[in-house]
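Fair warning: this is a prediction, and the values are worked out from it, not measured in the lab. Here is how names work: the chains are called A, B, and so on, in the same order as the sequence lines, proteins then strands, and each is numbered from 1. Atoms considered below: every heavy atom in the structure, side chains included; atoms not considered: hydrogens, waters and symmetry mates.
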Amino acid sequence: MSVEHTDVGAYALGLLEDDDRRAFEQHVTGCAECTAELHGLAGMRALLTGVGPVEADDGDLPDGVPDLLSRRRREDRRRRRGTLVIGLAAGVALVAGGVTAGAALVSPGGGTHQHGSPAADVLAKGTRHTATDPTTHAVAVVATRPETFGTEVGLDLAGVRGPLTCRLVAVLRSGRQQAVTEWAVPPKGYGVPGSRAHLQVHGGIAASPGEVSRYDVLIEGGGRLVSIPV
Amino acid sequence: MFPVKAADGSEDALRQVVIAEALNGLSRDHREVLTETVMRRRTVNEAADILGLPVSIVKSRVYYALRALRILLEERGVTT
Ligand SMILES: [Zn+2]
C-alpha cells in the first residue's frame, strides 16, 4: 500500500478503509501540502453528506423547490455556454463563508517535480510526448503507461493563465474520445511569470496506449489549449 | 455548517438543487466517482470493485472531482 498526496480527497470525505486511513494520517502529519488541502476540503464532507445520487441530466428537482428556481436553473444552463462564471438566481440569498477554493497540487517552489504524486510518477517513468501550441503558448508533456485497465496518464502543463476549467481527453484512432481528467486553472496560472509552478494532473482511460492518436487539453466553454500527438 | 441559506427558509431543498446543479456540471467520470463513493456511502475500495478500476485511480479521481466540484460550487456562490 502506498500513500499519495491525492488521497487527501478520499480522506477528507471519509472514504478510506482503515489501513489506508491510518497510513494517510501518518503521512499528513509530515506533509504541509496535504495539511493545507485538508483545510480547504473540510467543508466538502459536510456539503456532500446526505446528498443522494444525482441524475446525470435534467433530473427531477426535489419537492418543494419553487418553480421560479427551476426555470432560472434552465436559463443558467443555457447562459453558461461561453461563460465560466455565473451567479445564482436572484431572490435567493447566499451567505458565503469560510475558506475559498483554489489550492492546487503544485510544487510551491516551481519546477515540474512533485515527489510521490501519481502524476509525477507517470511523468518520470512513462512514455513522454511533448507539444507547444503556437497560439495559446501552452506547453504540455503527456506521459503514459500501460495498465491492466488500459492506460495511466500524467500531464504536466505550463504557460497557462486562468481562470479556466480544462479537460484532458484521449482521442482514439477510431475517432472516439475518452475523458482522462478535469481541473481548474486559477487566475494566476501555471508555469508563467509570477507563478512558476507547473500543473500536474493524473488519470486513466480504458483504452490501451496504442489505441490513442492524440491527447487534447480542452477548455470548458469551447476551444483547445494544446494538442499532443502520440 | 453549510453556508447556503434561502430567503424563504427552504434550505435543504435549495442545497439539493445547488449541489445537483454543480454535480451535473462535472464530467461523467467525476460525477460517477462521487456517486459511487460518498453518495452511496461506499469506501473507495468498494467503489473500485463496482467500477472495475484500481483503487489508486478511484482515489485520484475523487480528488480531482472534488477540486472541480468546488469550482462549480463557487460559481454558484457557495464557498466551502
Ligand atoms: Zn501529502
Check: Taking atom CZ of A:Arg21 and atom OG1 of B:Thr43, what is their separation to the nearest 0.5 Å?
Finding: 12.0 Å
Checklist line | CD on A:Glu147 to OG on B:Ser56, rounded to 0.5 Å | finding: 7.0 Å
Check: For residues B:Tyr63 and A:Glu4, is any side-chain donor paired with an opposing acceptor at under 3.5 Å?
Finding: no
Margin query: I need the minimum non-hydrogen distance between B:Ser60 and A:His202, along with the two atoms involved.
Written below: OG-ND1, 3.3 Å
Check: Under a 4.5 Å cut-off applied to non-hydrogen side-chain atoms, are A:Leu13 and B:Leu34 in contact?
Finding: yes
Notebook entry, point to check: Are side-chain heavy atoms of A:Glu17 and B:Val44 found at a separation under 4.5 Å?
Noted result: no
Notebook entry, point to check: So, the side chain of B:Arg70 versus the backbone of A:Gly40: is there a donor-acceptor pair under 3.5 Å, distance only?
Noted result: yes
Check: Got a sec: does the CD of A:Gln26 have more than 12 other heavy atoms crowding it under 6.0 Å?
Finding: no
Checklist line | Any B:Val38 side-chain heavy atom under 4.5 Å of A:Arg45 side chain | finding: no
Checklist line | Contacting region of B:Arg28 [heavy-atom separation from chain A under 4.5 Å] | finding: neither
Item checked: Part of B:Glu32 within contact of chain A (heavy atom distance under 4.5 Å) -> neither
Margin query: Pair B:His30, A:Thr181 - check side-chain contact (heavy atoms from CB on, under 4.5 Å), show working.
Written below: CA-CA 8 Å; B:His30 284 172; A:Thr181 187; 3.7 Å; yes
Item checked: side chain to side chain donor-acceptor pair (under 3.5 Å) partners for B:Asn45, two or more places apart -> none
Notebook entry, point to check: Hey, are the side chains of A:Leu48 and B:Leu66 touching, using non-hydrogen atoms and a 4.5 Å cut-off?
Noted result: yes
Checklist line | Pairwise side-chain contact, A:Thr6 with B:Lys59, heavy-atom cut-off 4.5 Å (strictly under) | finding: no
Checklist line | Region of B:Ile57 that comes under 4.5 Å of a non-hydrogen atom in chain A | finding: side chain
